[in-house]
Every structure is written in C-alpha cells, then in structure tokens.
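Report on one structure; see the data block that follows.
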Amino acid sequence: MNRSLAWLSLLLGSLLLSACGARAGASCEGGGYTCSSEAEALECRDQEWRTLPCRGPLGCVEEGDTVSCDLTRNVAGDACAASAEGRGQCTADGKAVLECRMGILVQVKTCGTCTMDTARVICQP
C-alpha cells in the first residue's frame, strides 16, 4: 500500500462504526463513520449524519469495526472529516495541496510536485 493510502486508512480506520441504517441528514449521537455506498462515507458530526466523498479507487470500505475512505481523488470543495481538520493532502494530479478547514477541503498551495508520507505533505516548486 503506498504511503498516502496508508495515511488515508489511518484517518478513518481507527474510528468505530456506530451507524446501522444511517442516512445523510438523519440525526445521530456521539461520533462515528459508516459507508453509505462504495463511493461515500457518512460521519456523525454535530448530531447529524454528514456525507463524505471517497473518490479514490478504493472507495469506502468497512472491515470489522473500521471504516476506510480513499480520499486520494477528492477535490477542493469536498466535505472532509472532523478527524482531518487542519490536515493536508495532495491533489490527484500532484500539483496542489488541499487542507481540511471547517469541514471543507480548500486548496492552500500550488506545487510543481506534491507528495505525501504518513506524517506530512511535501510541496515542491
């Protein structure tokens, strides 16, 4: 598994499922994630299920008590998880950095080359 996919799995992978029959906009308690489809996760945030796109090729996968959402192809303007607040990721084309701000991915830098490892995003001119 490449490093960016490992980071994405860690982002949501350690969170417990708590969502039998959840749907976007429905009320919920506490926190948690579930897959609503192969390309979409739901996050319980502010007592409401919120849609999170999983545009990467691995989509949304539930394994036991964990949810993995592949964010590698997500774009500026997509919703992002509370657990991702303040974290960056490279765009799919490796030319910019997106950061999760107030629940939305925002482009914060343009790069000649953008790469990720488990601890950081590296944007080179």
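Each residue takes its place number in the sequence, starting with 1.
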Residues at least two apart in sequence or cross-chain that pass side chain to side chain contact (heavy atoms under 4.5 Å, CB included) with C90, listed by chain then number, are C114, M116, V121
Of all residues at least two apart in sequence or in a different chain, which pass the salt bridge (charged side-chain N to carboxylate O under 4.0 Å, His left out) check with R55?
-> D78
Residue list, side chain to side chain donor-acceptor pair (under 3.5 Å) with R45, at least two apart or on another chain = E85
Mind checking side chain to side chain donor-acceptor pair (under 3.5 Å) for E48 and listing every partner two or more places apart, or none if nothing turns up?
-> none
Closest heavy-atom pair, T34 versus A22, reported as atoms and distance to 0.1 Å, is CG2-CB, 4.0 Å
Residue set satisfying side chain to side chain contact (heavy atoms under 4.5 Å, CB included) with R120, at least two apart, ordered chain then number -> D117, I122
Shortest non-hydrogen contact from E43 toward Y33 = OE2-OH, 3.0 Å
Got a sec, which pairs hit salt bridge (charged side-chain N to carboxylate O under 4.0 Å, His left out) with one end in residues 99-115, sequence neighbours left out?
-> E99-R101
Taking only residues two or more places apart in sequence or in another chain, which ones pass salt bridge (charged side-chain N to carboxylate O under 4.0 Å, His left out) with E40?
-> none
Apply side chain to side chain donor-acceptor pair (under 3.5 Å) to D93 and list each qualifying residue two or more places apart in sequence or on a separate chain.
-> T91
Using side chain to side chain donor-acceptor pair (under 3.5 Å) as the criterion, list what pairs up with T115, not counting sequence neighbours.
-> none
Applying side chain to side chain contact (heavy atoms under 4.5 Å, CB included) to A24 and not counting sequence neighbours gives L42, T51
Do you know which two heavy atoms are closest between C60 and V67, and how far apart they sit?
-> SG-CG1, 3.9 Å
So which residues get pulled into L98's cluster when ILVMFWY side chains under 4.5 Å apart are joined, directly or through others?
-> L105
Could you tell me which non-hydrogen atom of C54 sits nearest to which non-hydrogen atom of A41, and how far apart they are?
-> SG-N, 3.7 Å
